[in-house]
Amino acid sequence: MISIALAFSFHQTVLKDIHIPVAPIEKVLVQLSEIYHSPMDVSNALTNKHILIEATQVSEKDVRDQIAKLINASWERKGAVWHLTKSSKQEREDLERGVAMRYKMLKQTADLRDQSLSEKPVYTSEVAKQTYFQMKNEAEKKDPNQMVRPGPTAAGYQLPNQRFFSRFLKEFGLKRIAEIPFGHRAVYAIHPNAMQQPMGFDIEPEIQQYRKEYLTWFQTAEPLVRNPETTVRLPNRSGGAGVELGGDDIGDDLNNAFGTFPTELKDFIFTVYCSTDGAYQMQLIGVPQVDDNIAYKIGGTSYEGAFAGMEAQDFEIKPDPNFKLSQDSADFKQFFESHSEQIPATRRDAVLKMIADPVSRDPLAFGYSEGISYDFKRIHMNVIALGRDGGLNQFEPMYAEMIQNPKFTPLLEDFMVKDGSWVRLLEPPNDEPVFPRRDLKRLITTVQANGRVNIAERAAIAAIRPRNNAVSYVERLLEKFGQTAEEEYCDPDALKIIGLLSESERIRAFSPTGIPYGQLNPRLKAHLFECCFFNDRPRIIPSNQDSRNVSRINRAEPTYQAPNGILPDSIFKITETSEVQVKEADGINAEGIQAIGLMSNAKGWGAVKYQLDHPDEYKGRYFYNGKESQRSEPKALYITKLSRYEMRLHITKDCEWGANLQNVDRVGRDTFTINSFPEEFKADLEAGYKQAAEAMKRQQDLKKKRDGGGGTTRQIVR
């Protein structure tokens with residue numbers, strides 16, 4: 001008996017080096033069991049966790065304690081086995097941690113705004129003038145391509161609309177906002193309908209205060225705007241004009257401050273969306289009494305306080321030049337970034353087997369594991385971390401630099417805990433769902449057999465992802481096993497619908513009569529409901545409006561347009577169309593040619609000797625960098641077949657939700673001569689030229705009307 005106790009004690013205290021890349025927790029425990037000769041397992045409820053351990057000379061007890069703290073769980077002794085489990089109390093603690101973390105971020109933002117109000121408690125014409133010139137100076141010095149910190153600048157907080165928003169947040173109450181969980185959206189109104197919640201306090205005094213301050217601002221700033229010497233000229237912003245506030249592109253702060261506040265309001269709405277990264281996107285909407293008037297909007301985000309004082313350069317990670325991936329990671333990275341044919345033949349079979357057998361080895365862990373392990377070796381700390389598929393992007397170190405930069409402390413302290421010689425990277429709020437390895441293996445097998453990745457495979461992946469997640473690394477991995485159709489436009493909501501539709505639902509959805517919402521499967525119903533109501537940018541729109549201009553539509557708040565939600569008899573339809581398009585490549589830019597899919601290898605451009613001659617009437621026109629060109633030499637053409645799926649959920653006779661899914665298949669990969677040009681496509685060639693010519697003419701006419709013959713400088717106007 002004594003010898004057993006001594007053996008048990010010895011295994012508890014023996015010191016070992018641990019290097020376990022990101023893997024499912026049950027596999028990690030199997031490895032630890034072998035290392036310490038002490039059996040360990042985990043409850044089924046925790047098998048969705050993936051963890052990484054990198055430690056030097058640590059005991060079994062130390063490692064087990066860190067695992068338990070990492071996921072807020074407990075060890076139980078069951079015979080000879082250590083069993084990891086989580087109680088209902090610990091699950092409640094996880095929820096409370098999320099609320100506390102979100103509240104802290106909101107409090108930082110509220111304090112920042114309160115400080116701004118206390119600096120200028122009385123709004124005078126002098127304050128308005130000072131604010132205008134401060135923002136004018138900021139606008140003229142702003143780099144349009146530089147990262148923009150969330151929220152207004154210090155001067156922007158003194159604009160009447162932001163002062164109004166600051167006072168509103170204080171009155172509304174931060175606790176109410178913090179209790180909205182990750183991925184959820186709530187809508188509050190003075191006069192709530194069935195889809196909204198009551199505002200809960202009298203907002204009228206704040207509205208009246210805003211009217212007074214706005215009048216002072218307008219009377220002071222408008223003369224400055226109309227004076228050529230003091231007018232702000234804003235730089236053009238790449239990727240679209242304006243600063244994103246509250247999840248809605250409502251223009252830059254200064255332009256938005258000149259918006260027209262409705263004199264008669266029908267209602268006031270406050271929308272809050274808690275994104276999966278833990279940030280709240282918030283927006284106040286003043287609904288005008290007259291439907292034709294434009295709704296008034298003010299936006300903000302809970303990240304304002306956390307990022308206060310940071311500049312773009314603070315977020316530029318500087319990788320250590322001595323960092324190197326392990327051989328396993330380097331092999332995978334090479335495979336990930338290139339075609340399998342480029343791997344040396346002597347290693348190709350082994351690497352392909354490694355990638356194609358994710359059940360025995362997790363290929364998605366390498367980049368994440370190596371980067372984190374290297375980082376914490378640099379600062380001589382042991383690390384235990386919760387990993388995820390998205391971690392593959394971290395091929396270069398970053399944590400060590402963030403730890404050593406004090407500016408990042410407010411961002412890291414909720415996700416990173418120092419405990420003696422250990423650092424625990426806690427589960428981040430934006431933790432991506434782990435793609436089941438069994439499903440991944442099945443998909444890889446299917447793609448390998450078919451030789452291509454089609455919409456069905458993409459949709460299967462989209463079906464397990466939260467709405468609006470970026471393209472998964474799993475998808476990019478799959479593409480290396482087969483050719484994939486080029487995507488011209490791929491709406492993630494529409495792609496997920498394809499993955500969630502059952503076979504019988506798909507047949508009915510494509511029929512002329514469609515399928516009632518109430519007859520869809522529960523997962524698809526939930527997804528469509530989320531698309532319409534529960535995210536930062538829902539897309540219910542008036543039926544007679546263009547969904548591409550949803551941000552410009554009056555009263556675009558979906559709970560307002562569909563006050564009773566989606567009724568069971570709402571009709572869901574999918575319409576499929578296809579067309580052949582003829583396009584011309586830019587012969588100057590080889591990379592551009594590769595990007596648009598003319599050739600599979602950019603190096604092949606120099607070997608192209610055959611070009612398709614243009615018909616004389618279109619030669620050298622409409623096809624060069626969006627401008628009419630005088631170049632006479634022909635450039636290579638390529639043909640694509642465009643398939644389009646248009647999805648519509650008709651909620652009422654007045655409003656609907658819609659999304660589009662488009663895929664482009666190249667008819668041929670090679671360039672061709674006029675002699676080898678397929679006969680059946682000659683008519684399409686002519687039609688393609690005419691269509692392109694007409695489209696370019698329309699674009700040129702619109703540009704002339706928009707510019708009025710002048711330049712592109714933007715000015716602040718009322």
Side-chain angles (χ1 to χ4, degrees), residues 12 18 20 22-33 36 38-55 58-107 174-184 274-280 368 372 382-391 411-434 436 466:
Q12 290 280 293
I18 308 295
I20 302 179
V22 173
I25 190 169
E26 59 271 25
K27 291 187 178 181
V28 171
L29 295 186
V30 168
Q31 293 185 59
L32 290 174
S33 299
Y36 289 107
S38 176
M40 307 176 204
D41 66 14
V42 62
S43 66
N44 290 334
L46 297 176
T47 55
N48 63 330
K49 306 293 184 184
H50 280 55
I51 65 174
L52 164 154
I53 306 176
E54 180 69 45
V58 291
S59 68
E60 175 200 342
K61 183 178 185 306
D62 199 5
V63 173
R64 284 195 293 101
D65 286 347
Q66 291 300 325
I67 292 175
K69 292 176 181 178
L70 181 72
I71 62 175
N72 190 27
S74 302
W75 291 97
E76 298 176 355
R77 188 73 174 172
K78 293 187 175 182
V81 179
W82 286 103
H83 182 70
L84 187 63
T85 185
K86 185 187 285 281
S87 67
S88 56
K89 177 185 177 183
Q90 288 168 325
E91 290 175 350
R92 288 195 302 272
E93 289 172 350
D94 289 345
L95 294 175
E96 291 169 358
R97 171 185 170 254
V99 172
M101 182 185 67
R102 298 192 295 270
Y103 179 84
K104 190 175 85 171
M105 283 198 171
L106 283 163
K107 184 71 164 53
L174 304 183
K175 185 90 166 23
R176 294 172 69 187
I177 301 175
E179 289 174 347
I180 300 172
F182 300 127
H184 284 68
C274 183
S275 62
T276 51
D277 64 0
Y280 284 103
Y368 186 77
I372 290 181
N382 298 323
V383 62
I384 183 168
L386 278 153
R388 56 198 185 279
D389 287 355
L411 299 175
L412 292 175
E413 58 190 8
D414 287 315
F415 311 118
M416 184 180 294
V417 176
K418 292 184 179 180
D419 183 4
S421 63
W422 287 86
V423 172
R424 291 193 300 274
L425 302 182
L426 304 178
E427 188 166 16
N430 63 331
D431 189 45
E432 297 179 9
V434 175

Does Ser87 have any side-chain hydrogen bond (donor to acceptor under 3.5 Å, both in side chains) partners at least two apart in sequence or in another chain, and if so, which?
Gln90
Minimum heavy-atom separation for Ile25 and Thr47, please, with both atom names.
CG2-CA, 4.1 Å
Check side-chain contact (heavy atoms from CB on, under 4.5 Å) between Asp94 and all other residues, then give those that pass, not counting sequence neighbours.
Asn72, Lys86
In this structure, CD of Glu26 is separated from CG of Leu84 (nearest 0.5 Å) by 11.0 Å
Partner residues of Lys69 under the salt bridge (charged side-chain N to carboxylate O under 4.0 Å, His left out) criterion, sequence neighbours left out
Asp419
Can you list, pair by pair, the side-chain donor-acceptor contacts under 3.5 Å of residues 99-107, counting residues two or more places apart and other chains?
residue : atom : partner : partner atom : Å
Arg102  : NE   : Ala178  : O            : 3.1
Arg102  : NE   : Ile180  : O            : 3.3
Arg102  : NE   : Tyr280  : OH           : 2.8
Arg102  : NH1  : Gly98   : O            : 3.4
Arg102  : NH2  : Ala178  : O            : 3.1
Lys104  : NZ   : Glu413  : OE2          : 2.7
Lys104  : NZ   : Asp414  : OD1          : 3.3
Lys104  : NZ   : Asp414  : OD2          : 3.2
Lys107  : NZ   : Asp111  : OD1          : 3.0
Lys107  : NZ   : Asp111  : OD2          : 3.1

With respect to Leu386, which candidate in Leu425, Leu70, Leu426, Leu52 satisfies the side-chain contact (heavy atoms from CB on, under 4.5 Å) definition?
Leu70
With Ile53 as partner, the option from Val383, Val22, Ile384 fulfilling side-chain contact (heavy atoms from CB on, under 4.5 Å) is Ile384
Would you call Arg92 and Glu96 a salt bridge, using N to O less than 4.0 angstrom?
no
Test side-chain contact (heavy atoms from CB on, under 4.5 Å) applied to Lys175 - qualifying residues, sequence neighbours left out
Glu179
Test Val42 against Val28 for side-chain contact (heavy atoms from CB on, under 4.5 Å), laying out the working first.
CA-CA 10 Å; Val42 62; Val28 171; over 6 Å; no
Run the side-chain contact (heavy atoms from CB on, under 4.5 Å) test against Ser43 and tell me which residues pass, sequence neighbours left out.
Ala45, Leu46, His83, Thr85
Could you tell me whether the side chain of Ile67 reaches within less than 4.5 Å of the side chain of Leu29, counting heavy atoms only?
yes
Can you see which heavy atom on Pro39 is nearest to which on Ala80, and at what distance?
CD-O, 3.6 Å
Check whether any side-chain heavy atom of Leu32 sits under 4.5 Å from a side-chain heavy atom of Ile20, and report yes or no.
yes
Give me the one residue out of Glu54, Gln66, Met416 that meets side-chain contact (heavy atoms from CB on, under 4.5 Å) with Val423.
Met416
Rounded distance (nearest 0.5 Å) linking atom OG of Ser74 with atom NZ of Lys89
9.5 Å
Roughly how far, to the nearest 0.5 Å, is the CD atom of Glu60 from the CD1 atom of Ile18?
10.0 Å
Would you name the heavy atoms of Trp75 and Arg64 that are closest together and state the gap between them?
NE1-O, 2.8 Å
May I have the step-by-step check of side-chain contact (heavy atoms from CB on, under 4.5 Å) for Met40 and Ser33, ending in yes or no?
CA-CA 6 Å; Met40 307 176 204; Ser33 299; 3.7 Å; yes
